[in-house]
Amino acid sequence: MPSIRFLPSGTTRECHVGQSVFEVGWKSDVGIQSACVGKGTCGLCRVVIESGEESLSKYNDIEEKHLGNLYHLTKLRLSCQAIVVEGAGDITVLVKPKKVRKKR
């Protein structure tokens with residue numbers, strides 16, 4: 001069974017075909033942000049695919065709307081849109097830290 005490793009926490013969880021990185025990460029409390037709880041409308045659940053991109057669904061139009069078309073350079077994905085595919089191997093993702101606004 002494949003697994004997803006979440007950095008920087010190092011938490012590793014088994015996953016199933018059809019599950020999103022968001023779903024596995026949210027249940028594991030690894031710090032993935034979301035305002036829409038995985039529906040693809042807020043664009044906050046960003047992760048960087050460190051390894052295993054072939055084990056995930058293709059970058060899609062929803063992601064391009066929120067992140068632009070530079071995936072091949074940044075490896076940045078919306079975790080709610082990155083779905084584990086048939087024949088998947090292990091995946092490693094870096095959870096983007098929450099942006100903190102400084103008070104002026």
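- Within the 4.5 Å cutoff, the side chain of Leu94 has no heavy atoms near those of the Phe6 side chain.
- Across all non-hydrogen atoms, the minimal contact from Cys80 to Ser20 is O-CB, 3.8 Å.
- Criterion: ILVMFWY side-chain heavy atoms under 4.5 Å apart, direct or through other members. Under it, Trp26 and Val95 are part of a common hydrophobic cluster.
- One side chain, Ser51 or Thr92, offers a donor N or O that lies under 3.5 Å from an acceptor on the other.
- Here the shortest heavy-atom pairing between Glu14 and Val24 reads O-CG1, 4.2 Å.
- The shortest heavy-atom contact between Pro2 and Gly89 is CB-O, 3.4 Å.
- At a threshold of 4.5 Å between side-chain heavy atoms, the hydrophobic network of Ile, Leu, Val, Met, Phe, Trp and Tyr places Leu44 and Ile32 in two separate groups.
- In this structure, Leu7 is a member of the same hydrophobic cluster as Phe22, with clusters built from ILVMFWY side-chain heavy atoms closer than 4.5 Å.
- Between the Thr74 side chain and the Leu76 main chain, a donor and an acceptor come within less than 3.5 Å of each other.
- Looking at Ile91 and Val84, their side chains come closer than 4.5 Å, going by heavy atoms from C-beta outward.
- At distances below 3.5 Å, at least one donor-acceptor pair connects side-chain atoms of Ser79 with backbone N or O atoms of Cys45.
- For the pair Cys42 and Ser34, the minimum side-chain heavy-atom distance is below 4.5 Å.
- With contacts defined as side-chain heavy-atom distances shorter than 4.5 Å, the pair Lys96/Val48 qualifies.
- Judged by distance alone, the side chains of Gln81 and Asn60 do bring a donor and an acceptor atom under 3.5 Å apart.
- Proximity of Ser57 to Arg77: side-chain heavy atoms (C-beta onward) are separated by under 4.5 Å at one or more points.
- When side chains are defined from C-beta on, Thr11 does not count as touching Arg5, because their heavy atoms never get closer than 4.5 Å.
- Put simply, the side chain of Ile83 does not reach to within 4.5 Å of the side chain of Leu56, judged on heavy atoms.
- Leu78 is listed as a side-chain neighbour of His66, based on a closest heavy-atom distance under 4.5 Å.
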Step by step, would you call Glu53 with Tyr59 a side-chain hydrogen bond (donor to acceptor under 3.5 Å, both in side chains)?
CA-CA 10 Å; Glu53 73 180 280; Tyr59 191 77; over 6 Å; no

